[in-house]
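In what follows, chains are A, B, ... by sequence order, proteins preceding strands, each numbered from 1.
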Protein chains: 2
Amino acid sequence: MPRGHGRGFGMGPGWWHGRFRGCGYRITIPRQEILKVLNQTEEHLSAEEIYLRVHKVYPSVGLTTVYRTLEVLADMGLVFRLEFGDGKARYELVEGPKGKLHHHHLVCTDCGRVIDYTDFISEEKELLDKTEKALSSRHNFKILNHQIHFYGLCNKCK
Amino acid sequence: MPRGHGRGFGMGPGWWHGRFRGCGYRITIPRQEILKVLNQTEEHLSAEEIYLRVHKVYPSVGLTTVYRTLEVLADMGLVFRLEFGDGKARYELVEGPKGKLHHHHLVCTDCGRVIDYTDFISEEKELLDKTEKALSSRHNFKILNHQIHFYGLCNKCK
DNA sequence: TTAATTAATGAAAATGATTTTCAATAACAA
DNA sequence: TTGTTATTGAAAATCATTTTCATTAATTAA
């Protein structure tokens with residue numbers, strides 16, 4: 001497999017190196033490990049949860065670094081920062097096992113449970129593309145991403 | 001005008017009384033003033049910003065009460081709690097001068113500016129209704145609300 | 001109307017996520 | 001290998017929000 005932009009599951013570290021270098025960032029163990037954790041989960045992890053997983057393998061990595069790295073990754077557009085109203089930010093890979101499948105969220109306002117859904121993404125796409133284009137020009141905004149949250153009560157809470 | 005459920009701009013306090021009583025809540029000055037502030041603005045105010053405005057009229061009202069009241073109002077479904085990623089929650093009336101016009105948000109990831117847009121709401125409606133129904137039954141979720149955020153760069157930041 | 005009941009309040013302290021500081025470390029370029 | 005400089009970890013600082021608790025005031029019962 002040629003070096004470059006493969007994005008499959010279980011790949012060794014590496015594909016993001018070019019991305020880092022291009023942005024003038026150094027490639028460090030904490031950064032690689034944090035990406036690895038995000039690449040291996042389907043959950044919406046908080047900074048602390050990521051820290052705990054990285055820390056298990058590299059106990060020398062600190063929570064501060066996790067926060068700093070997540071900020072960098074979000075700025076680079078590799079990671080999406082989510083807020084579901086429970087007081088802590090959560091993160092998911094934009095590209096990776098989850099990101100590959102574009103999805104939105106169903107949030108239970110009672111217990112905080114979050115369900116990802118991928119239904120209707122294709123129907124949405126057309127409308128969203130159209131909306132994006134129009135909003136871009138009307139409000140002179142360069143749209144890079146979007147997020148749809150449905151709020152309500154899950155089966156246990158209603 | 002008969003007493004009851006008028007929701008126009010500039011109404012005297014009163015229309016939310018029934019709603020409060022129905023939920024077993026007492027009608028107090030802080031609660032009325034906080035609703036008045038939310039009813040009179042088009043902005044996305046934070047708890048502290050609301051506090052400052054209420055405090056100007058009733059200096060005895062404290063920030064704690066603002067937080068508590070906003071939680072009650074959100075639970076009652078009178079107020080929508082928004083998070084744009086700047087570290088503080090923001091609130092808007094669900095019914096009122098803004099809420100009447102359903103809208104979504106355009107968020108600048110650089111400067112944090114938020115633009116409300118009402119474009120395409122009618123086109124969206126059909127898709128969202130359909131999506132809501134399907135998600136409700138498929139995931140056994142009672143959907144009460146939704147939120148769409150577009151992220152990108154505003155004219156000044158791009 | 002007035003007194004009793006109890007939710008609501010304000011101030012201060014506590015909490016908890018995130019950020020900052022700063023000296024030590026480690027990537028990378030030369 | 002060595003120098004330069006971004007990155008790091010630990011501890012302290014910050015800042016939004018929540019909790020505590022004694023006081024006040026909205027509603028209810030009398």
Novice: Return the value, rounded to whole Å, for the distance between atom NE2 of A:H55 and atom P of D:dT8.
Specialist: 15 Å
Novice: Where is the tightest heavy-atom contact between B:E49 and B:H44, given as atom of each residue plus distance?
Specialist: OE1-O, 3.8 Å
Novice: Calculate the interatomic distance between B:I34 atom CD1 and C:dT9 atom C1'; express it in whole Å.
Specialist: 11 Å
Novice: Check the distance between C:dT6's C1' and B:Y25's OH and give it to me in whole angstrom.
Specialist: 15 Å
Novice: Please report, rounded to the nearest Å, how far the C1' atom of D:dT8 is from the CD1 atom of A:I27.
Specialist: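 The answer, rounded to whole Å, is 16 Å.
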Novice: Under 4.0 Å between a side-chain N/O of B:T28 and OP1 or OP2 of C:dT9, yes or no?
Specialist: yes
Novice: Over 60° means perpendicular and under 30° means parallel, so tell me whether A:Y25 and A:F20 are parallel, tilted or perpendicular.
Specialist: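 Perpendicular, since the angle between the ring planes exceeds 60°.
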Novice: May I have the distance from A:H17 (atom NE2) to C:dA27 (atom C1'), rounded to whole angstrom?
Specialist: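 My rounded result for the distance is 12 Å.
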Novice: Compare every heavy atom of A:F84 with every heavy atom of A:R90, then report the nearest pair and how far apart it is.
Specialist: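 Of all heavy-atom pairs spanning A:R90 and A:F84, the closest is CD-CD1, 3.8 Å.
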Novice: For residues 54-78 of chain A, run the donor-acceptor check on the side chains, cut-off 3.5 Å, and write out each pair with its distance to 0.1 Å, sequence neighbours left out.
Specialist:
residue: A:H55; atom: NE2; partner: A:P59; partner atom: O; Å: 2.9
residue: A:T69; atom: OG1; partner: A:T65; partner atom: O; Å: 2.8

Novice: Name the residue closer to the 5' end of DNA chain D, choosing between B:R21 and A:P30 according to the nucleotide with the nearest heavy atom.
Specialist: A:P30
Novice: Checking contacts here: which listed nucleotide (C:dT9, D:dT5, C:dA7) is nearest the side-chain heavy atoms of A:R26?
Specialist: D:dT5
Novice: For nucleotides 10-20 of chain D, read 5' to 3', which letter fits each nucleotide if B means a protein heavy atom sits under 4.0 Å from the base, S means only the sugar-phosphate is that close, and - means neither?
Specialist: BB----SBBBB
Novice: Figure out the CG/C1' separation between A:L52 and C:dA17, and round it to whole Å.
Specialist: 14 Å
Novice: Counting N and O atoms only, with roles assigned by atom type, does the side chain of B:Q32 sit under 3.5 Å from a partner on the main chain of B:I27, one being a donor and the other an acceptor?
Specialist: no
Novice: Specify whether A:H146 and A:H102 have parallel, tilted or perpendicular ring planes, treating 30° as the upper limit for parallel and 60° as the lower limit for perpendicular.
Specialist: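 Geometry flag for A:H102 against A:H146: perpendicular rings.
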Novice: State, to 0.1 Å, how close A:F141 and B:K158 come at their nearest heavy-atom pair, and which atoms those are.
Specialist: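 Looking at all heavy atoms of both residues, the shortest contact is N-NZ, 3.9 Å.
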Novice: Can you tell whether the side chains of B:K130 and A:E123 come within less than 4.0 Å, N to carboxylate O?
Specialist: yes
Novice: Angle between the end axes of the helix from C:dT1-D:dA30 to C:dA30-D:dT1, five pairs per end, to the nearest 10 degrees?
Specialist: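 Here the local axes at opposite ends form an angle of 40°.
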Novice: Please state how far atom CD1 in A:I29 lies from atom P in C:dA26, giving the value in whole angstrom units.
Specialist: 9 Å
Novice: Please state whether the phosphate of D:dT8, meaning OP1 or OP2, lies under 4.0 angstrom from any side-chain nitrogen or oxygen of A:R31.
Specialist: yes
Novice: Below 4.0 angstrom, N of the basic side chain to O of the carboxylate: do A:K125 and A:D129 qualify?
Specialist: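 Salt bridge between A:K125 and A:D129, a charged N being under 4.0 Å from a carboxylate O: yes.
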Novice: Whole angstroms only, please: what is the CD-P distance between A:E49 and C:dA17?
Specialist: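 So the CD-P distance, A:E49 to C:dA17, works out to 10 Å.
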